[in-house]
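Each ligand, and each atom within it, is numbered from 1 in the order the structure gives.
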Amino acid sequence: MVEKKKILSCIQPTGNVHLGNYFGAIENWVNLQEGYDTYYGIVNYHAQTMPYNPAKLRELTWDVALRLHACGIKIENIFIQSLVPEHTELAWILSCMCSYGELSRMTQFKDKSAHLKESDKDYFVSAGLFTYPVLQAADILIYKPHFVPVGKDQEQHLELTRNIATRFNSLVGQDFFPIPEALFTKVPKVMSTADPMRKMSSSMGEKHNIDMFADPAKITKQIKSAVTDSGNVTYPDMSPGVENLFSIMKATGANELYDKMINQYKAGTLRYGDLKSDLAEAIVEFTKPFRRKLDQILSDKKHFKNEIKKASYQTRQVAQETLKNVRNISGLI
Ligand code: AMP
């Protein structure tokens, strides 16, 4: 039997599961379950890199895990990072394969530390925030995947992971880690509807993301208040806000609507109010089955949580095997 190629990807439990997560990554994760050996982690250690509340972190970790299942990820493919503590030991070993200069160039570190500085006069930038791309490299490499389906925002981190893997392989004189490749969706970067120059993100605050599981009234309100332009940008140009609304519309699969509205845009007859209300309807329709599935899951939460724990223990065995070999070939006793 031919062994299936492996896929790994993760999500931080820092807030809700939003349209950026779904269209940028999770949609791919669901499809790749057929034909690949897939591992999808809820990376709760990563959520400790920004200021957080312990009780809220625990709650969000389960919330995100259950929402992934509602999006179509099979329970057996989900794991909780802290139930596989081998990630942190591998992160230590890999941190010695990564330079200070490389970590200082990570744009996510720069963005997140700038955000902390802007939002709090007593801001605190943790060493964990600086080094988390190494933990991310460990999250990935410990499963020796061939592909990592992520949004465009993770491209730089994945490049770092590839460099770290290459250095480790060279240290030990064998191709121990496969060099993983990124897989992107058709919409690899969804922008915030409140500020289309920034990516949609849960860590930047509620208005900067659209929750896949929010009630229809809330989704509609957020889309209706999306930033566009004052009509001064016309075809063939398009402002970032309008472009983002069009790409979200396309991602929902509302192709006829998309073609109709794009033609109106080209002809200069499109009213942004219509674009927003039709898009809101398309999103509400698209997300309806996910909301239904989540309601079912939440009615038997305990069962699903237990299943996720069991799946995490299974996943841990794979991680333990890799770590055992890493310790051995890297000279540890
Ligand atoms: P995070 O929420 O940062 O843990 O991201 C989980 C997954 O969603 C990663 O693969 C990200 O690349 C992807 N992702 C997060 N935000 C966006 C976005 N605005 N557009 C596209 N993909 C995203």
Side-chain angles (χ1 to χ4, degrees), residues 7-32 38-50 52 57 60-61 63-65 67-68 71-73 77-82 87 106-109 111-112 115 128-129 132-133 135-137 139-140 143 145 147-161 180-213 222 226-227 240-241 243-248 250-252 283:
I7 298 268
L8 171 290
S9 203
C10 297
I11 182 166
Q12 296 192 52
T14 43
N16 49 39
V17 175
H18 54 73
L19 292 182
N21 295 134
Y22 188 81
F23 291 130
I26 299 171
E27 190 168 38
N28 247 353
W29 300 2
V30 173
N31 297 330
L32 291 162
T38 51
Y39 300 82
Y40 299 123
I42 318 299
V43 284
N44 46 352
Y45 288 132
H46 287 272
Q48 295 179 310
T49 58
M50 295 286 270
Y52 73 98
L57 172 60
L60 278 176
T61 304
D63 281 358
V64 171
R67 278 161 179 71
L68 270 196
C71 287
I73 304 293
N77 295 335
I78 300 175
F79 70 92
I80 309 262
Q81 185 191 31
S82 60
H87 288 220
M106 295 294 117
T107 53
Q108 296 237 359
F109 172 71
D111 289 351
K112 287 189 175 173
H115 175 70
L129 184 63
Y132 91 83
L135 179 58
Q136 191 174 339
D139 300 334
I140 296 172
Y143 301 103
F147 301 107
V148 186
V150 279
K152 208 67 182 163
D153 59 323
Q154 293 301 327
E155 198 172 24
Q156 195 188 28
H157 286 167
L158 191 65
E159 200 45 44
L160 180 72
T161 300
E181 279 174 41
L183 287 181
F184 298 116
T185 61
K186 289 193 280 305
V187 192
K189 193 162 189 182
V190 179
M191 308 309 283
S192 155
T193 52
D195 178 356
M197 300 309 284
R198 289 179 175 205
K199 69 166 184 169
M200 184 173 282
S201 153
S202 55
S203 52
M204 294 296 169
E206 211 180 302
K207 69 175 185 171
H208 289 291
N209 68 80
I210 296 176
D211 184 347
M212 294 271 300
F213 298 92
Q222 272 184 289
V227 170
E243 193 179 342
N244 190 39
L245 296 183
F246 269 117
S247 74
I248 296 176
K250 189 152 206 173
T252 64
I283 298 173

Determine yes or no for a side-chain-to-main-chain donor-acceptor pair under 3.5 angstrom, with [X] supplying the side chain and [Y] the backbone.
X      : Y      : result
Ser9   : Pro149 : yes
Gln136 : His157 : no
Tyr40  : Trp29  : yes
Gln222 : Asn209 : yes
Asn44  : Thr61  : no

Point-to-point distance, once rounded to the nearest 0.5 Å, from [atom1] of [X] to [atom2] of [Y]:
X      : Y      : atom1 : atom2 : answer
Phe23  : Asn21  : CZ    : CG    : 11.5 Å
His208 : Arg198 : NE2   : CZ    : 5.0 Å
Asn31  : Thr38  : CG    : OG1   : 11.5 Å

Quick check on contacts: which atoms of ligand 1 are under 4.0 angstrom from a heavy atom of [X]?
X      : result
Val150 : 10 (O), 12 (O)
Lys189 : 20 (N), 21 (C)
Gly24  : 21 (C), 22 (N)

Are any of the N/O atoms in Gly151 less than 3.5 Å from those in ligand 1?
yes

Within-cut-off N or O pair, Val187 and ligand 1, under 3.5 Å
no

Considering non-hydrogen atoms of the protein only, which is the closest contact for [atom], and what is the distance?
atom                    : result
atom 20 (N) of ligand 1 : Val190 N, 2.9 Å
atom 22 (N) of ligand 1 : Gly20 O, 3.2 Å
atom 3 (O) of ligand 1  : Gln12 NE2, 4.1 Å

Applying a strict 4.0 Å limit to heavy atoms, is [X] in contact with ligand 1?
X      : answer
His18  : yes
Pro188 : yes
Gly15  : no

Centroid-to-centroid, Tyr143 to His87, below 6.0 Å?
yes

Within reach of ligand 1, part of Ser202 (heavy-atom separation under 4.0 Å):
neither

Selected option - heavy-atom contact closest to [atom], from [options]:
atom                    : options                : answer
atom 16 (N) of ligand 1 : His46, Met200, Gln136  : Met200
atom 12 (O) of ligand 1 : Thr185, Leu183, Asp153 : Asp153
atom 2 (O) of ligand 1  : Asn209, Thr14, Asn21   : Asn21

Side-chain donor-acceptor contact under 3.5 Å, Asn28 with Thr185
no

